[in-house]
There are 2 protein chains.
Amino acid sequence: MTVPSASRRDRKKAATRQAIADAALQLFLERSYDQVSIRDIADAADVSTATVFKHFSGKEALVFDQDEDRESQLIAAVRQRPSGQNILDALRQHVLDTWPAIGAHPQAAEFTNLVNSTPALRAYAERMWTRYTDSLSAAIADEFGVDHDNLACVALARFVLEIPVLARDRKDRRAAVEALFDILTHGWEPPNKPPAL
Amino acid sequence: MTVPSASRRDRKKAATRQAIADAALQLFLERSYDQVSIRDIADAADVSTATVFKHFSGKEALVFDQDEDRESQLIAAVRQRPSGQNILDALRQHVLDTWPAIGAHPQAAEFTNLVNSTPALRAYAERMWTRYTDSLSAAIADEFGVDHDNLACVALARFVLEIPVLARDRKDRRAAVEALFDILTHGWEPPNKPPAL
DNA sequence: TCGCTAAGTAGAGTCGTTGTACTTTTCTAC
DNA sequence: GTAGAAAAGTACAACGACTCTACTTAGCGA
């Protein structure tokens with residue numbers, strides 16, 4: 001991603017950061033999240049515990065290393081959508097394109113499992129999503145030329161960001177995402193009663 | 001609320017719990033959340049720190065003492081709604097009836113302020129709401145005679161529980177709640193462009 | 001080559017939280 | 001009433017996440 005920065009200093013910095021993240025993920029997968037202490041990680045990466053916190057804001061952040069670009073991709077999906085396309089449709093497309101792909105990688109299954117089986121990580125992940133609400137809603141509001149805190153825009157952002165969370169556990173994620181966007185587009189409809197037994 | 005329980009033991013237990021919660025809230029309001037330690041609270045309530053954790057699952061829980069009934073009220077709003085009434089309308093009614101009332105109490109303003117100005121508490125409060133998702137969606141699913149994990153029902157529960165969060169900061173909460181339920185009922189509509197200046 | 005600065009380290013300390021073993025209080029059954 | 005089970009509370013030690021302070025080291029620019 002980020003081109004190896006010019007200075008040797010920056011390269012070394014990035015290297016230690018990476019070493020820490022790698023060590024952390026490996027240990028978390030071997031044992032579980034709660035069974036690994038910061039000290040363990042620091043030892044494995046051969047740095048002091050203080051260094052760990054110089055690079056990461058907290059234990060949970062060690063797991064979600066690279067999730068910083070997600071936000072910008074999301075904004076881009078809104079801002080640079082094909083001309084004439086509905087914002088809701090653009091978001092639907094973006095979620096469909098980028099999200100189920102994550103499950104494709106083979107290691108990603110264990111990763112997902114790690115997160116889902118650790119309450120602290122689940123909570124952190126959910127907050128990560130909703131933390132994007134502000135910037136996403138701002139982008140949407142801009143597209144309509146209304147105030148950044150316009151209620152409809154904030155609501156749309158929030159609801160859309162809930163969709164991946166809601167679709168996470170479904171067998172057929174794509175279908176779930178579609179169904180959820182349909183709710184936002186056309187309003188909620190009562191579920192079909194199953195045929196009487 | 002809860003009738004003073006028969007046994008003296010239970011009464012004393014409830015008393016200490018209350019003493020702890022009161023001490024905590026007072027200290028949190030005086031100084032801020034982060035400037036108050038569990039020891040401070042224990043000392044103020046004249047109990048040991050261990051006792052604090054016997055009564056409350058963690059520091060955040062001290063702030064949201066009585067929010068246990070909210071869940072059951074919510075379920076009741078769905079289950080015992082006037083016959084023939086739409087579930088969405090029943091929920092709209094319930095939110096309108098019970099939620100803005102909270103802002104009525106005079107002390108409640110400082111309380112809201114405390115929560116909103118403390119990230120840890122904001123996060124905890126949000127998770128509290130979404131934790132209700134399961135039981136609410138189960139209640140909704142029951143009304144339609146479908147599976148508890150029916151996607152439409154889970155989605156409705158989740159979206160409805162986001163509404164109070166979204167409406168929290170608005171000047172006119174009632175109007176905001178109405179607008180948000182309208183989105184769920186009829187689908188999302190782009191905001192009105194403000195009249196050109 | 002000489003500092004300046006940023007990265008890293010050591011180590012002590014705070015705070016939330018848990019576990020263990022002990023005392024006190026209240027309830028229950030005789 | 002009194003014995004003894006059960007529950008509430010306490011004291012204390014411990015652990016892990018995180019912070020702070022003071023110190024060393026390594027890369028950078030002049």
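Throughout, a chain's letter reflects where its sequence line sits, starting with A, and its residues are numbered from 1.
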Tell me the interatomic distance from [X], atom [atom1], to [N], atom [atom2], rounded to whole angstroms.
{"X": "B:Asp34", "N": "C:dG16", "atom1": "CG", "atom2": "C1'", "value": "12 Å"}
{"X": "A:Glu60", "N": "D:dG16", "atom1": "CD", "atom2": "C1'", "value": "13 Å"}
{"X": "B:Asp46", "N": "D:dA8", "atom1": "CG", "atom2": "P", "value": "19 Å"}
{"X": "A:Ile20", "N": "C:dT9", "atom1": "CD1", "atom2": "C1'", "value": "13 Å"}
{"X": "A:Phe56", "N": "D:dC18", "atom1": "CZ", "atom2": "P", "value": "13 Å"}
{"X": "B:Phe53", "N": "D:dC12", "atom1": "CZ", "atom2": "C1'", "value": "15 Å"}
{"X": "B:Leu121", "N": "C:dG16", "atom1": "CG", "atom2": "P", "value": "12 Å"}
{"X": "B:Lys54", "N": "D:dT10", "atom1": "NZ", "atom2": "C1'", "value": "8 Å"}

Can you sort out the partners of B:Tyr124 under ring-ring contact (aromatic ring centres under 6.0 Å, His included), two or more places apart, ordered by chain and number?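 ring-ring contact (aromatic ring centres under 6.0 Å, His included) list for B:Tyr124, sorted by chain: B:Phe64.
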Contacts of type ring-ring contact (aromatic ring centres under 6.0 Å, His included), residue A:Phe111, not counting sequence neighbours: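 Checked A:Phe111 against ring-ring contact (aromatic ring centres under 6.0 Å, His included); zero matches.
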Those residues that, when tested against A:Asp65, pass side chain to side chain donor-acceptor pair (under 3.5 Å) (two or more places apart):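 Only A:Arg17 meet the side chain to side chain donor-acceptor pair (under 3.5 Å) criterion with A:Asp65.
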Those residues that, when tested against B:Glu178, pass side chain to side chain donor-acceptor pair (under 3.5 Å) (two or more places apart):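 Partners of B:Glu178 under the side chain to side chain donor-acceptor pair (under 3.5 Å) test: B:Arg92.
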Distances for protein N/O vs nucleotides 5-7 of chain D N/O pairs under 3.5 angstrom?
| from | atom 1 | to | atom 2 | distance (Å) |
| --- | --- | --- | --- | --- |
| D:dA6 | N3 | B:Arg9 | NH1 | 3.4 |

Any side-chain N or O of B:Thr16 below 4.0 angstrom from OP1/OP2 of D:dA8?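 No, no such contact exists.
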Counting just side-chain N and O atoms, does B:His55 come under 4.0 Å of either OP1 or OP2 of D:dA8?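 No, no such contact exists.
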Please list all pairs meeting salt bridge (Lys or Arg N to Asp or Glu O under 4.0 Å) that have one or both residues in residues 150-160 of chain B, counting only residues at least two apart or in different chains.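 Qualifying pairs: A:Glu126-B:Arg158, A:Glu162-B:Arg158.
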Base, sugar-phosphate, or nothing: which does A:Lys12 touch, judged by heavy atoms less than 4.0 Å apart?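 The residue A:Lys12 makes sugar-phosphate contact but no base contact.
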Return each pair, listed once, that meets ring-ring contact (aromatic ring centres under 6.0 Å, His included) where at least one residue sits in residues 20-53 of chain B; pairs must be two or more places apart or across chains.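 Found B:Phe28-B:Tyr33.
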Looking at residues at least two apart in the chain, or sitting in another chain, which of them share a salt bridge (Lys or Arg N to Asp or Glu O under 4.0 Å) with A:Arg122?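 None.
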Which residue, A:Leu136, A:Ile87, A:Val146, forms the side-chain contact (heavy atoms from CB on, under 4.5 Å) with A:Cys153?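 Of the listed options, the one satisfying the test is A:Val146.
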Let me see the working for A:Gln18 and A:Asp22 under side-chain hydrogen bond (donor to acceptor under 3.5 Å, both in side chains), right down to the final yes or no. CA-CA 6 Å; A:Gln18 195 59 42; A:Asp22 289 350; 3.0 Å; yes
Polar atom pairs between nucleotides 10-15 of chain C and protein, under 3.5 Å, N or O only, would you list them?
none

